[in-house]
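Any value given below was found using the heavy atoms of this structure, including those in side chains, with hydrogens, waters and symmetry copies removed.
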Amino acid sequence: MAGCSSTPKEVAIQNAKPGDLLVETEGSRVELVRAFRPGIANGLHKGVVKVTSRAGDAKGQMYETTAICSIEGEPGWQVYDNIYGDPISDLNAQSTSLNKDRWQFLFHFDGRTEQIGTLDPSAWVSRLKDNLCRKGDFNDT
């Protein structure tokens, strides 16, 4: 019966389509709503994800999200991965660069994490960063 499990599997970002599950951890699910736009060689820009939790949040919260990934030990590159997002309720609304509810996490390669903004620290942010930056379980190199 275990082979008949209906639990969706996390999809690596390079294979994901809108509606796919990107992350499932500690009761939170992160689904891709709008594909990320590639930017500079190490960036994925303005994708939209929806985060839901088992705690009764059936509707979820959408975030327009950007990840700027780095390479440890590479000269001229940052010494951290950067992921940030803005909560949104409408896919068609224009985003502003001065959203008071913006959140940002800097995942330093020495193990420190800096948090800026209003989002409670959640395991899904770190796991989403790993998916977007192809690290951890998502490393396919």
Side-chain angles (χ1 to χ4, degrees), residues 2-141:
C4 297
S5 174
S6 63
T7 304
K9 183 175 171 31
E10 294 173 322
V11 177
I13 190 61
Q14 64 268 27
N15 302 320
K17 296 173 181 56
D20 284 346
L21 177 67
L22 297 177
V23 169
E24 184 166 37
T25 187
E26 295 184 8
S28 294
R29 295 174 49 89
V30 180
E31 296 175 1
L32 183 63
V33 175
R34 184 174 62 212
F36 286 82
R37 295 190 320 245
I40 52 178
N42 60 336
L44 294 172
H45 299 274
K46 296 189 180 217
V48 176
V49 298
K50 180 174 79 169
V51 179
T52 56
S53 69
R54 280 188 271 179
D57 184 16
K59 182 181 174 198
Q61 172 63 57
M62 289 190 300
Y63 296 99
E64 184 176 71
T65 305
T66 293
I68 308 297
C69 307
S70 196
I71 300 174
E72 189 170 3
E74 191 67 25
W77 289 60
Q78 298 296 331
V79 294
Y80 54 81
D81 292 322
N82 179 2
I83 184 170
Y84 59 93
D86 295 301
I88 62 170
S89 57
D90 180 359
L91 279 175
N92 298 316
Q94 287 285 14
S95 62
T96 64
S97 59
L98 299 174
N99 187 328
K100 68 178 179 61
D101 293 321
R102 171 171 284 173
W103 51 266
Q104 180 175 18
F105 289 81
L106 304 178
F107 293 94
H108 291 266
F109 295 142
D110 65 7
R112 292 178 298 124
T113 300
E114 287 181 68
Q115 177 188 350
I116 302 162
T118 60
L119 185 70
D120 289 332
S122 301
W124 67 262
V125 176
S126 177
R127 185 122 178 103
L128 180 61
K129 180 267 305 172
D130 283 351
N131 192 336
L132 299 178
C133 293
R134 297 170 59 187
K135 296 182 178 180
D137 293 345
F138 296 98
N139 186 346
D140 62 354
T141 56

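For the pair Arg34/Glu64, a side-chain contact is recorded, criterion being any heavy-atom separation below 4.5 Å from C-beta on. Side chains of Ile68 and His45 form a contact here, defined as non-hydrogen atoms less than 4.5 Å apart. By the 4.5 Å heavy-atom criterion applied to side chains, Val125 and Phe107 are counted as neighbours.
Contact detail for Leu128 and Thr65: the closest heavy-atom pair is CD2-CG2, 4.5 Å. Across every non-hydrogen atom of Thr118 and Lys100, the tightest pair is CG2-O, 4.2 Å. Taking both residues in full, the closest heavy atoms of Tyr80 and Ser70 are given as O-CB, 3.2 Å, listed atom of the first, atom of the second, then distance. The two residues Trp103 and Tyr63 come nearest to each other via the heavy atoms NE1-CD2, 3.1 Å. Closest non-hydrogen pair, Pro18 versus Ala35, comes out as CG-N, 4.5 Å.
A distance of 9.5 Å separates CD1 in Ile83 from CG in Asn131, rounded to the nearest 0.5 Å. Atom-to-atom distance recorded for Ile13:CD1 and Cys133:SG is 10.5 Å, nearest 0.5 angstrom. How far CD of Glu26 is from OG of Ser126: 10.0 Å, rounded to the nearest 0.5 Å. In this structure, the separation between CG on Leu22 and CZ on Arg29 is 10.5 Å, given to the nearest 0.5 Å. Here the straight-line distance linking atom CG of Asp86 with atom CG of Leu119 works out to 11.5 Å at 0.5 Å rounding.
For the pair Asn42 (side chain) and Cys69 (backbone), a donor-acceptor distance under 3.5 Å is present. Side chain of Asp20 to backbone of Leu32: no donor-acceptor contact under 3.5 angstrom is found. A donor-acceptor pair under 3.5 Å is formed between the side chain of Gln61 and the backbone N or O of Ile88. Panel note: side chain Thr66, backbone Lys46; a donor-acceptor pair is recorded below 3.5 Å.
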- Message: Test side chain to side chain contact (heavy atoms under 4.5 Å, CB included) on Phe138 and Glu10; report intermediate values, then the result.
- Response: CA-CA 10 Å; Phe138 296 98; Glu10 294 173 322; 3.7 Å; yes
- Message: Set out, in order, the CA-CA distance, both residues' side-chain angles and the distance that settles ring pair (Phe, Tyr, Trp, His ring centres under 6.0 Å) for Phe109 and Trp77, then state yes or no.
- Response: CA-CA 12 Å; Phe109 295 142; Trp77 289 60; 9.9 Å; no
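Side chains of Gln14 and Asp140: a donor on one and an acceptor on the other come within 3.5 Å.
Sorted by first and then second residue, the salt bridge (charged side-chain N to carboxylate O under 4.0 Å, His left out) pairs with a member in residues 65-84 read Asp81-Lys135; sequence neighbours excluded.
Salt bridge status for Glu24 with Arg127: absent, with no side-chain N to carboxylate O gap under 4.0 Å.
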